[in-house]
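First the structure, in the form of C-alpha cells, and then the observations on it.
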Protein chains: 2
Amino acid sequence: MKTVYERADIVPLLAQIFRELGYEGATLSRITERTGIGKGSLYHFFPGGKEEMADAVLAAIDGWFEEAVYRPLRHDDARQAIAAMWTNVSEYFRSGRRICLVGAFALDDTRERFSRAIRDYFTRWIDALRLALMRAGCVEEEAQTLAEEGVCGIQGALVLSRALRDETVFTRSLETLAMRLEAATR
Amino acid sequence: MKTVYERADIVPLLAQIFRELGYEGATLSRITERTGIGKGSLYHFFPGGKEEMADAVLAAIDGWFEEAVYRPLRHDDARQAIAAMWTNVSEYFRSGRRICLVGAFALDDTRERFSRAIRDYFTRWIDALRLALMRAGCVEEEAQTLAEEGVCGIQGALVLSRALRDETVFTRSLETLAMRLEAATR
DNA sequence: TAAAATGTGTACCGATCAGTAAATTGATTA
DNA sequence: TAATCAATTTACTGATCGGTACACATTTTA
C-alpha cells in the first residue's frame, strides 16, 4: 500500500501546521505525524527541508491574496472590491479562528528568514488597498492612512480574538473598519 | 569565579529572549548562551523549566501593565490616564521595535499553555480602558467598542511595523488611535 | 513487457533537546 | 574557625531534532 501525493496537496497541510505550531514548533516529526506523510516524501518535494516548505506555504498564501484580494483592489470597481475584501478575508481567516501566518512570522526571529516575503505581503496589500481607495475618491494621503489602518486592524483583530477566544471580536472589528473606509469614500 | 543572580534579575533577560525567539524557539541552550546563566542556575530558580520561566515572565509583564497602565486608567483622571497610556505603551514597546509577548503567544499553540494569563492580560486592559472612557464621558457601548479598538490597534501596529521594519507605522497608528479616542471624549 | 523515472518507507547519522545529579564555590551563621 | 546552606558549574542522561541514504514500490515511458 502506498499513498501518492502532489506538492499542491501537501502545501495546504503544511500551512495549517505552521499556523498552529509556528515555524520553530513545527518539527519534522510533528509534520509527518499530522500529515501522515513520511520524511522521505517531504524531502523529495522539499529538498531544502523546513525552510523550503515554509517558502512554498508563503508563496501559496501570496498567490491566494494576489488573486482574491490585491488584483480586484487594483483593477475592479473600487468600492465593490473593497467590500469583497472584507468578506473574503473574513472567510479566509475563518472569522478569526485561523491566524495570519505572515503576521505571526513577523513577530519573532522567523522574520529574518522570510524577510522579503513578509514585507511584500503587507506592502502589496496596503498598496492595492490604497489604490482602490484613491479610485473611490480619497486623496492619496488619506488613502494611505486608511489602507494602513485597515490592514493593521485586521492583524490586531486576529491577535485579540484569538487571545480572548471570542470570534465576535474579529467580526465586530472588521465591521467597524469596513464602515470607516466606506465613510471615507462617499 | 562565580556570578550570583537573583530571580528578579533573570526574568527581564528571559522576557527579551522569549520575545525574540518565541516560546518554542527559546531553547534552554540558547537561553544559557544569551544570558550566560548555566542550566543548573536556571533550574534552581525555575524548577519547572521553560514553562515556569515563561510563567514568571508573563507575571512580570502583567505586574508592569497593572501598575503603569491599568491602575491609572481605573483610578486617576480619565483623560490624563489615557494620554499617559499612549506614551507609556509606546515607550514600553520601543516604538514598535519590541513586540508584545502576550500577543505573540496568543497566535500559536503556545496559547494553550498560558491560556488564562493571555486572556486576563487583554480583558483587564480593555476593561480598564473602557472604564476610563466612560469616566471621560462615553456611554458604555461606545466605550467598549473604542477600548477594543485601541488595544486591537496597538497589536496590529506591532505586527505591521515589525513586518515592514518601519517604526513610523507604529508611531502613526498610535497617534491616529489616540486622536480617535480623544475625539470621543469631548 | 522492459526500462526508466518518480515517489515512498525505514533505518540511521551527528547534533541538539529538556532535564538530572553531583561536585564545588562562596557567603552566612554559630 | 567550623558548619551550614544557597547558588553555580560541570558532566551526564535518554529523547528528539533536522537531515541523509538507500531499498523498495508504483507509475510512466519506450
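Numbered from 1 within each chain, the chains take letters A, B, ... in sequence-line order. All heavy atoms count here, side chains included; hydrogens, waters and symmetry mates do not. The model shown is predicted, which means the values in this text are computed figures rather than measured ones.
- The distance from atom CZ of A:Phe46 to atom C1' of D:dG19 is 16 Å, rounded to the nearest whole Å.
- A straight line from CG of A:Asp9 to C1' of C:dT8 spans 15 Å, rounded to a whole angstrom.
- Side-chain atoms of B:Arg119 and B:Thr123 include no donor-acceptor pair closer than 3.5 Å.
- Here A:Phe114 and A:Tyr23 bring their ring centres to under 6.0 angstrom of each other.
- Residue A:His44 places at least one side-chain N or O under 4.0 Å from the OP1 or OP2 atom of C:dG7.
- Shown are A:Glu140, A:Glu148, A:Glu142; of these, the side-chain hydrogen bond (donor to acceptor under 3.5 Å, both in side chains) with A:Gln144 is made only by A:Glu148.
- Between B:Tyr43 atom OH and C:dA22 atom P there is a gap of 17 Å when expressed in whole angstrom units.
- One atom, CG of B:Leu42, and another, P of D:dA7, lie 13 Å apart when rounded to the nearest Å.
- To the nearest angstrom, P of C:dG9 lies 15 Å from CG of A:Leu28.
- In this model, a donor atom of one side chain and an acceptor atom of the other lie less than 3.5 Å apart for B:Arg165 and A:Ser115.
- Counting non-hydrogen atoms of other residues, nucleotides and ligands closer than 6.0 Å to CD of B:Glu91 gives a total of 12 or fewer.
- Nearest-nucleotide mapping onto DNA chain D: of A:Glu24 and A:Gly40, the residue sitting toward the 5' end is A:Glu24.
- Protein atom CZ of A:Arg30 is 10 Å distant from nucleotide atom C1' of D:dT16, rounded to whole Å.
- With hydrogens and angles ignored, a donor-acceptor pair under 3.5 angstrom links the side chain of A:Lys39 to the base of D:dG19.
- Put simply, CD on A:Glu6 is 11 Å from P on D:dT28, counting in whole angstrom units.
- For B:Thr27 and C:dC17, the shortest distance from a side-chain N or O to OP1 or OP2 is below 4.0 Å.
- As rounded to whole Å, 10 Å separates atom P of D:dC17 from atom CD1 of A:Ile31.
- Each of B:Tyr5 and A:Gly48 was assigned the nucleotide of DNA chain D with the nearest heavy atom; the assignment lying further toward the 5' end belongs to B:Tyr5.
- Taking 4.0 angstrom as the limit, B:Ser41 places none of its side-chain polar atoms (N or O) nearer than this to OP1 or OP2 of D:dA7.
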